[in-house]
Structure formats: C-alpha cells, structure tokens
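Written out below as structure tokens is the structure these notes cover.
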Amino acid sequence: QVQLVESGGGLVQPGGSLRLSCAASGSLFSSRAMGWYRQAPGKQRELVALITSSNSTNYADSVKGQFTISRHNAKNTVYLQMNSLKPEDTAVYYCYLALGYWGQGTQVTVSS
C-alpha cells in the first residue's frame with residue numbers, strides 16, 4: 001500500500017518562501033518519477049514540477065526559476081522549494097508518484 005503524506009504548506013506573504021515535503025511509504029519510491037501538481041479554486045489541476053528516478057526535472061513555465069523540485073531517495077521524500085511566492089501561486093498542492101498515486105494535498109496561501 002502506497003501512501004503519500006505532504007507537509008509544509010501554510011500562509012505566506014508575497015515574496016516569501018515555503019518548502020513542501022512529501023514522504024512516501026512503500027518500496028516504489030526510488031524507481032519512480034514523482035511530482036507536484038496544484039489546483040487553484042475554480043481551475044483544473046496543473047503540473048508544477050516533475051523529477052524522474054534519475055533526477056531529471058521538468059517545470060511548468062509559470063514556475064521556472066522560482067520553484068525547485070528535489071528528492072532524497074534514502075528518505076523516500078520529494079521536496080518543492082518555492083521562492084518569491086506570488087498570490088497566483090495560491091492553491092492546494094498535491095504530491096504525485098508515478099503511476100497514479102496522490103497525496104491528500106496541502107494548502108498554500110500567498111497573501112498579505
């Protein structure tokens with residue numbers, strides 16, 4: 001049984017930073033791609049960043065140079081470092097493990 005547990009969300013002022021973490025249970029982690037998606041109110045869920053098992057990364061154009069995804073296989077954890085946050089980054093952020101596993105989501109709110 002695979003479980004993904006996110007943490008690190010919260011309220012931050014514009015220009016601030018947050019680091020999201022996603023801890024995975026089970027033995028699939030190191031051999032699978034992982035990623036972060038987000039869903040803002042009234043919008044579809046969208047890809048934010050992906051990282052493969054070989055640490056290749058891919059980012060949405062809207063977060064390139066602003067967010068960094070990384071993974072620590074020994075800890076079964078993937079991270080999303082979010083800098084220079086903007087109000088439009090407000091969303092529920094979901095951790096994803098290929099293929100088809102999702103976390104419960106963590107709220108990120110960027111507001112003054």
Side-chain angles (χ1 to χ4, degrees):
Q1 184 77 10
V2 175
Q3 286 189 317
L4 303 175
V5 179
E6 299 110 332
S7 60
L11 173 64
V12 64
Q13 291 187 341
S17 298
L18 284 175
R19 188 175 82 154
L20 304 182
S21 300
C22 173
S25 63
S27 60
L28 301 176
F29 181 83
S30 62
S31 63
R32 300 285 185 97
M34 293 199 72
W36 291 93
Y37 286 70
R38 67 185 180 187
Q39 188 167 17
K43 295 188 176 181
Q44 289 188 331
R45 191 173 297 189
E46 63 175 1
L47 172 68
V48 176
L50 279 174
I51 185 166
T52 69
S53 58
S54 58
N55 286 322
S56 294
T57 57
N58 187 37
Y59 295 92
D61 287 343
S62 58
V63 304
K64 283 181 181 176
Q66 182 189 358
F67 291 2
T68 303
I69 189 170
S70 61
R71 64 192 296 162
H72 193 307
N73 286 339
K75 295 183 178 181
N76 277 11
T77 301
V78 64
Y79 305 97
L80 186 68
Q81 178 67 43
M82 305 186 294
N83 298 327
S84 303
L85 283 161
K86 311 165 189 175
E88 51 264 42
D89 295 316
T90 295
V92 178
Y93 284 71
Y94 295 91
C95 178
Y96 173 77
L97 170 67
L99 294 159
Y101 299 96
W102 294 92
Q104 80 285 356
T106 186
Q107 177 71 46
V108 172
T109 302
V110 184
S111 175
S112 54

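Excluded from the calculations below are hydrogen atoms, water molecules and symmetry mates; all remaining heavy atoms, backbone and side chain alike, are included. Being a predicted model, the structure only gives us computed values, none of them experimental.
- Nearest heavy atom pair, residue Ile69 against residue Ile51, reads CD1-CG2, 3.7 Å.
- Put simply, the side chain of Trp102 reaches to within 4.5 Å of the side chain of Arg45, judged on heavy atoms.
- Under the 4.5 Å side-chain heavy-atom criterion for Ile, Leu, Val, Met, Phe, Trp and Tyr, Val63 and Tyr79 are members of distinct hydrophobic clusters.
- With rounding to the nearest 0.5 angstrom, the NE2 atom of His72 is 11.5 Å from the OG atom of Ser21.
- In this structure, OG1 on Thr77 lies 10.5 Å from CG on Leu4, to the nearest 0.5 angstrom.
- For the residue pair Ser30 and Ser53, the shortest heavy atom distance occurs at O-CB, 3.3 Å.
- Taking CG from Leu18 and OG1 from Thr106, the interatomic distance works out to 9.0 Å, rounded to the nearest 0.5 Å.
- Across all non-hydrogen atoms, the minimal contact from Gln66 to Asn83 is CG-O, 2.8 Å.
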- side chain to side chain contact (heavy atoms under 4.5 Å, CB included) between Ser25 and Gln1: does it pass, once the steps are laid out? CA-CA 8 Å; Ser25 63; Gln1 184 77 10; over 6 Å; no
- Walk me through it: do Lys64 and Asp61 pass the test salt bridge (charged side-chain N to carboxylate O under 4.0 Å, His left out)? CA-CA 5 Å; Lys64 283 181 181 176; Asp61 287 343; 3.0 Å; yes
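- Residues Phe67 and Arg38 come closest through the heavy atom pair CE2-NH1, 3.9 Å.
- Using a 4.5 Å cut-off on side-chain heavy atoms (C-beta onward), Trp36 and Cys95 make contact.
- No side-chain heavy atom of Tyr93 sits less than 4.5 Å from a side-chain heavy atom of Glu6.
- Looking at heavy atoms from C-beta onward, Thr90 lies out of side-chain contact with Ser111 at the 4.5 angstrom threshold.
- Of all the heavy atoms in Phe29 and Arg71, the pair that sits closest is O-NH2, 2.6 Å.
- Summarising the geometry, atom OH belonging to Tyr37 is positioned 12.5 Å from atom CD belonging to Gln44; distances are rounded to the nearest 0.5 Å.
- One finds the CE atom of Met34 at 9.5 Å from the CG atom of Asn73 (value rounded to the nearest 0.5 Å).
- Residues Asp89 and Met82 form no side-chain contact, since every pair of their non-hydrogen atoms from C-beta on lies 4.5 Å or further apart.
- Leu20 and Leu11 end up in different hydrophobic clusters when Ile, Leu, Val, Met, Phe, Trp and Tyr side chains are linked at under 4.5 Å.
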- Might you work through the side-chain hydrogen bond (donor to acceptor under 3.5 Å, both in side chains) test for Thr52 and Ser54, ending with a clear yes or no? CA-CA 5 Å; Thr52 69; Ser54 58; 3.1 Å; yes
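- Note that the OG1 atom of Thr57 and the CG atom of Leu50 stand 9.5 Å from one another [nearest 0.5 Å].
- The heavy-atom pair separating Tyr59 from Ala49 by the smallest distance is CD2-CB, 3.6 Å.
- In the hydrophobic clustering of this structure, Tyr96 does not group with Val48; members are Ile, Leu, Val, Met, Phe, Trp, Tyr whose side-chain heavy atoms approach within less than 4.5 Å, directly or through other members.
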